[in-house]
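In what follows, a structure is listed as structure tokens, so that the remarks can point back to it.
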Amino acid sequence: MIHFYLNGKYKQLTDLNPNTTVLEYLRLHEKQTDTKEGCGSGDCGACTIMAQKLPTQDADQSAQAPFYTLNSCITLLSLMDGHHLMTAAYIADNPANHPDRALLHPAQQAMVDFHGSQCGFCTPGFVMTLASTYENHRLQVAEGTTTDDLSYDDIVASISGNLCRCTGYRPIIDAGLVMSEIGRQRDADQIIAKDLTISLATDAMANSSQAASSTSGTIAPALTQASRKLFIPQSIDELNQVLAAHPKATIWAGGTDLGLSVTQHLVDHDVIVQLSAIDELKSWSLTDSKSLNGKQSKDTESKGKQASEQIEIPSLVLGAGMSYKQMLPVLEQYFPNFANLFERIASPQIRNMGTIGGNVANASPIGDLPPILLALDAHIHIRHCAAVYGSDNTNTNDVHSNQASCIDEIIPLSEFFLDYKKTKLRAGSYVVALHIPLMQDNQHLYIHKISKRYEDDISACLLAARIDLSADGLTIENVRLGLGGMAAIPLLAAKCQQALIGQAVEVVSFETASKMLAMDVSPMTDVRASREYRMHVVQRLIIKCGKQLVADVKAESA
């Protein structure tokens with residue numbers, strides 16, 4: 001069973017196709033047609049809705065979770081278990097459903113005042129994006145964490161996942177800039193508007209763990225229809241059990257790419273295992289590589305002394321279920337250059353849902369994170385929930401058992417990708433975490449993404465370079481060049497790297513090394529870029545990294 005609120009009304013469902021998206025449910029099941037169906041791939045933002053995670057029975061009921069937006073076209077409805085979903089028709093205070101008597105939300109009123117809508121198709125999505133921005137800013141003001149008004153950059157960043165084809169963005173941005181002013185004027189006039197942060201009754205919102213498991217220990221599917229099932233395990237142990245019983249199940253984290261299999265390719269997944277309720281996969285920590293869950297990595301076992309010297313380097317461990325939004329403040333602290341790229345990755349709606357584990361496991365050759373993780377010498381923690389077979393060759397694992405046989409391995413990410421969309425994962429496997437060695441004083445990181453649009457666009461190619469210098473800063477001791485969009489898999493430019501090791505910190509060293517790129521990769525031509533363009537651009541980016549390094553070394557020694 002899944003539980004959620006939709007526009008203030010409590011819903012609970014058991015008999016529903018697990019492949020049902022939020023958009024499909026809104027339009028076909030609830031007849032909420034104010035949310036529009038556009039691209040069906042999470043690009044245009046016309047289907048944007050706003051959500052807020054509700055506290056569970058044992059949580060602090062006074063704490064207010066932030067609002068966030070999502071693309072309802074590619075988001076499974078089951079991901080909204082325990083949430084309050086809001087559409088554009090709800091956020092206005094209009095109990096009589098009369099247009100002349102409605103008190104519009106400040107985002108809606110600003111769009112009217114500044115003529116922010118022409119054809120109107122994209123308008124509900126823009127309204128929900130602006131409303132989410134307004135409500136979160138209002139919460140921050142109330143908590144005393146900010147006193148500033150929303151800036152031009154704030155508004156532009158917030159709507160970067162919404163496309164407008166006829167109105168143009170200027171009036172929409174102007175509308176966003178006056179939302180707070182409208183809200184303050186209403187407060188001054190003592191006009192009481194609808195409070196979207198209202199504490200909804202959670203008595204009916206039974207803990208998902210209670211709904212998923214009975215006293216007998218059975219892990220029941222949350223949704224079923226015919227042969228199709230969806231499980232929402234509440235812990236790592238439950239996940240292991242479900243995967244042991246259903247090793248061929250589709251593992252669903254944020255689904256920002258996997259959702260396209262439903263909307264674009266019309267795939268009807270038979271068994272889905274959803275990871276959204278497992279808090280252990282959403283946590284992060286700092287640790288020495290030596291203490292990777294008490295296990296040595298495969299890399300350590302195979303490389304002997306050299307690896308044993310590396311394990312003293314502390315690492316940042318990111319749970320595979322962490323979304324881009326959750327990772328951002330952590331990366332800002334430990335890898336600021338990495339964090340700076342996030343505004344160029346997808347859109348706010350996608351970053352709210354997409355996860356690091358999903359991005360890596362997806363094994364896309366144009367994924368934004370793998371080349372950077374490769375450059376940083378990240379390791380990946382994989383768990384294989386192997387099926388246990390009896391003497392009659394039948395699978396003896398089931399969701400009643402807590403004895404699922406699991407094998408853990410931690411390997412260099414460079415060994416994880418095998419071929420196009422093929423990895424070390426097998427049936428019943430999942431990604432637990434990514435281990436990223438922290439940057440040392442002698443290391444420099446540079447990241448460059450090339451795409452047709454600055455925001456909300458797929459990479460044509462991406463270069464990430466981690467360069468290790470000698471103690472005097474004059475010689476290159478080691479280099480890792482991660483490439484995206486240049487081959488069937490994300491990979492390291494081994495020949496270019498080797499050409500730089502031992503060379504002086506000079507631009508000419510990088511110019512020479514860039515000529516080796518053709519020995520590392522043979523890129524393809526597609527709709528995003530030609531083979532020649534990709535080769536030329538990445539060669540120039542390698543040289544650009546050299547120029548940046550020379551400038552940084554000079555600045556440090558000045």
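As a basis for the values below, the full set of heavy atoms in this structure was taken, side chains included, without hydrogen atoms, waters or symmetry mates. Numbers for residues simply follow the sequence, beginning at 1.
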Is the [atom1] atom of [X] crowded by more than 12 outside heavy atoms at less than 6.0 Å?
{"X": "K421", "atom1": "NZ", "answer": "yes"}
{"X": "E556", "atom1": "CD", "answer": "yes"}
{"X": "K495", "atom1": "NZ", "answer": "no"}
{"X": "R453", "atom1": "CZ", "answer": "yes"}
{"X": "R540", "atom1": "CZ", "answer": "no"}
{"X": "Y533", "atom1": "OH", "answer": "no"}
{"X": "Q498", "atom1": "CD", "answer": "no"}
{"X": "E37", "atom1": "CD", "answer": "no"}

Side-chain donor or acceptor of [X] paired with backbone N/O of [Y] under 3.5 Å:
{"X": "T423", "Y": "F416", "result": "no"}
{"X": "D520", "Y": "C496", "result": "yes"}
{"X": "E409", "Y": "I382", "result": "no"}
{"X": "Q503", "Y": "I476", "result": "no"}
{"X": "Q108", "Y": "A88", "result": "yes"}
{"X": "E455", "Y": "A157", "result": "no"}
{"X": "R383", "Y": "Y430", "result": "no"}
{"X": "Q109", "Y": "A107", "result": "no"}
{"X": "R534", "Y": "M524", "result": "yes"}
{"X": "S509", "Y": "A504", "result": "yes"}

Checking side chain to side chain contact (heavy atoms under 4.5 Å, CB included) for the pair V141/T146: CA distance, chi angles, key distance, verdict?
CA-CA 5 Å; V141 171; T146 186; 4.0 Å; yes

Would a 4.5 Å heavy-atom cut-off, applied to side chains only, mark [X] and [Y] as touching?
{"X": "D268", "Y": "N19", "answer": "yes"}
{"X": "P348", "Y": "S158", "answer": "no"}
{"X": "L286", "Y": "P314", "answer": "no"}
{"X": "M327", "Y": "L369", "answer": "yes"}
{"X": "V127", "Y": "I91", "answer": "yes"}
{"X": "Y134", "Y": "F67", "answer": "no"}
{"X": "M439", "Y": "N337", "answer": "no"}
{"X": "C47", "Y": "K36", "answer": "no"}

First locate atom [atom1] of [X], then atom [atom2] of [Y], and finally report the distance between them rounded to the nearest 0.5 Å.
{"X": "L483", "Y": "L492", "atom1": "CG", "atom2": "CG", "value": "7.5 Å"}
{"X": "I232", "Y": "L79", "atom1": "CD1", "atom2": "CG", "value": "8.0 Å"}
{"X": "D154", "Y": "I173", "atom1": "CG", "atom2": "CD1", "value": "12.0 Å"}
{"X": "I450", "Y": "L462", "atom1": "CD1", "atom2": "CG", "value": "8.5 Å"}
{"X": "L70", "Y": "I49", "atom1": "CG", "atom2": "CD1", "value": "4.5 Å"}
{"X": "L541", "Y": "L481", "atom1": "CG", "atom2": "CG", "value": "11.0 Å"}

Assess the side chains of Q548 and H444: does a donor N or O sit below 3.5 Å from an acceptor N or O?
no

Determine whether the side chains of S180 and D149 contain a donor N or O and an acceptor N or O closer than 3.5 Å.
no

Measure across [X] and [Y] and return the closest heavy-atom pair with its distance rounded to 0.1 Å.
{"X": "A46", "Y": "F121", "answer": "CB-CE2, 3.8 Å"}
{"X": "D456", "Y": "S160", "answer": "CB-O, 3.6 Å"}
{"X": "I366", "Y": "G485", "answer": "CG2-CA, 3.7 Å"}
{"X": "V521", "Y": "A487", "answer": "CG1-CB, 4.4 Å"}
{"X": "I501", "Y": "V479", "answer": "CG1-N, 4.3 Å"}
{"X": "I251", "Y": "S429", "answer": "CD1-O, 3.1 Å"}

Quick one: which of H105, Q52, Q140 gives a side chain to side chain donor-acceptor pair (under 3.5 Å) with E135?
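So, applying the side chain to side chain donor-acceptor pair (under 3.5 Å) to E135 and each of H105, Q52, Q140, only H105 qualifies.
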
Among R351, R344, K449, exactly one meets salt bridge (Lys or Arg N to Asp or Glu O under 4.0 Å) together with D368. Which residue is that?
K449

Is there a side chain to side chain contact (heavy atoms under 4.5 Å, CB included) between Y334 and I436 once you walk through the steps?
CA-CA 10 Å; Y334 295 103; I436 313 173; over 6 Å; no

side-chain hydrogen bond (donor to acceptor under 3.5 Å, both in side chains) between Q32 and Y25, worked out:
CA-CA 9 Å; Q32 293 277 356; Y25 179 77; over 6 Å; no

Checking side chain to side chain contact (heavy atoms under 4.5 Å, CB included) for the pair V360/V431: CA distance, chi angles, key distance, verdict?
CA-CA 9 Å; V360 173; V431 179; 5.6 Å; no

Please step through side-chain hydrogen bond (donor to acceptor under 3.5 Å, both in side chains) for the pair S364 and N362, ending with a clear verdict.
CA-CA 6 Å; S364 169; N362 189 38; 4.8 Å; no

Evaluate the side-chain hydrogen bond (donor to acceptor under 3.5 Å, both in side chains) criterion for residues S78 and D81: first the C-alpha distance (whole Å), next the side-chain angles of each, then the deciding distance (0.1 Å), finally the verdict.
CA-CA 5 Å; S78 54; D81 185 40; over 6 Å; no

Under the side chain to side chain contact (heavy atoms under 4.5 Å, CB included) rule, what do L438 and F335 come out as? Steps first, then yes or no, please.
CA-CA 8 Å; L438 296 184; F335 298 93; 4.0 Å; yes

Please work out whether the ring planes of H269 and W252 are parallel, tilted or perpendicular, with thresholds of 30° and 60°.
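The arrangement is perpendicular - the two ring planes meet at more than 60°.
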
Could you go step by step and tell me if N162 and Q349 meet the side-chain hydrogen bond (donor to acceptor under 3.5 Å, both in side chains) rule?
CA-CA 9 Å; N162 296 80; Q349 292 94 320; 3.2 Å; yes

